[in-house]
2 protein chains.
Amino acid sequence: MRVLGIDPGLTRCGLGVVDGALGRRLSFVTAGAVRTSSDWELSERLLGIERGVQSWLDEYCPDAVAVERVFAQHNVSTVMGTAQASAVAITCAARGGLPVASYTPSEVKAAVTGSGRAEKQQVQAMVARLLALEAAPKPADAADAAALAMCHIWRGGAQDRIARAQQEFHRKAGTARRARGV
Amino acid sequence: MRVLGIDPGLTRCGLGVVDGALGRRLSFVTAGAVRTSSDWELSERLLGIERGVQSWLDEYCPDAVAVERVFAQHNVSTVMGTAQASAVAITCAARGGLPVASYTPSEVKAAVTGSGRAEKQQVQAMVARLLALEAAPKPADAADAAALAMCHIWRGGAQDRIARAQQEFHRKAGTARRARGV
């Protein structure tokens, strides 16, 4: 399973691609950021993010996308830009028919460090360790995006397995009921 | 000049198309709304809005798009959805190479009623009157979108004329300076 993690932002939109599956070793593919300047018009910035995200989708062909969930209670001056950047990224993924999951920052922290309250530095250190890298990808948004991808591989992967197992159970149960003429 | 006004929202995204120019009579083309259900995943909702806005752009070929500016101080629970819907709409327009203007609610109210503090009902009544309609377009978001388009025809059109006049002045001034060998 290949996941593209996206840490949305207008100035820097972090992107990280990780391969993996529950119970298997994670494999780092790449990470980086799409940048837009605050000198640009909002429409140009959003278009720049769309083009950047689309080019990553085209190049790395992920199976799923994991985006950081945006909260309104964060810093009001940046949250609007974050919401707008995330909307563009989510729409790109949805247009390509990809499943889109979203995780809160504390879900991501808990996934990679074991604690939802971990410091940023601890998250960066664990991203490097779990992906067998000498250092966390730079900028920090790229490492956060990789952490989102890892979070989805573990949490989303587990959820997918449960969903598949339930479907399988209901399918078999249905077959059994039909065989019994119920 | 044909303007598509967009009053962004996840549940109802208002759209209104108006033809006009400064000093000429406005001509109403159409207005309506793209709707998405709160039962849908966010990615499906954003994709639905993108498809809706794109189909209006394709069908009505506006020269410019005017979007309501989203403020973070509004109702926090709805502002995120509004920011996300507006991002998708703005990106659609920018992708098509259209100029995108944004106006605050009070700028729109001032444009159509003369007062930035006008009541919603007053705005609706003036939209109907100025567009020579028996009643304002329904739902209210469609009428608000038409008001945004009207606001841009008057304000943006004036700004465009000033910008063009200034360019012309500087071009002539430059020609004059060159002719004098300055």
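Here is how names work: the chains are called A, B, and so on, in the same order as the sequence lines, proteins then strands, and each is numbered from 1.
Considering every non-hydrogen atom in both A:Leu42 and B:Ile90, the closest pair reads CD2-CD1, 3.8 Å. Nearest approach of A:Ala87 to B:Ala87, heavy atoms of both residues: CB-CB, 4.1 Å. Among all heavy-atom pairs drawn from A:Met80 and B:Val70, the shortest one is CE-CG1, 3.3 Å.
One hydrophobic cluster holds both B:Ile49 and B:Val17 under the rule that ILVMFWY side chains link at heavy-atom gaps under 4.5 Å. Residues B:Leu57 and B:Ile153 fall into different hydrophobic clusters, defined by Ile, Leu, Val, Met, Phe, Trp and Tyr side chains chained together at heavy-atom separations under 4.5 Å. Neither A:Trp40 nor B:Val67 shares a network with the other; the hydrophobic side chains, linked directly or stepwise wherever heavy atoms of I, L, V, M, F, W or Y lie under 4.5 Å apart, form separate groups for each. Clustering ILVMFWY residues whenever any of their side-chain heavy atoms sit less than 4.5 angstrom apart, transitively, puts A:Val29 in the very cluster that holds A:Val53.
In A:Arg51, the CZ atom is not crowded: 12 or fewer heavy atoms of neighbouring residues, nucleotides or ligands sit closer than 6.0 Å.
The CD atom of B:Gln84 sits 10.5 Å away from the OG1 atom of A:Thr82 when rounded to the nearest 0.5 Å.
Residues A:Leu47 and B:Arg95 form a side-chain contact, since some pair of their non-hydrogen atoms from C-beta on lies under 4.5 Å apart.
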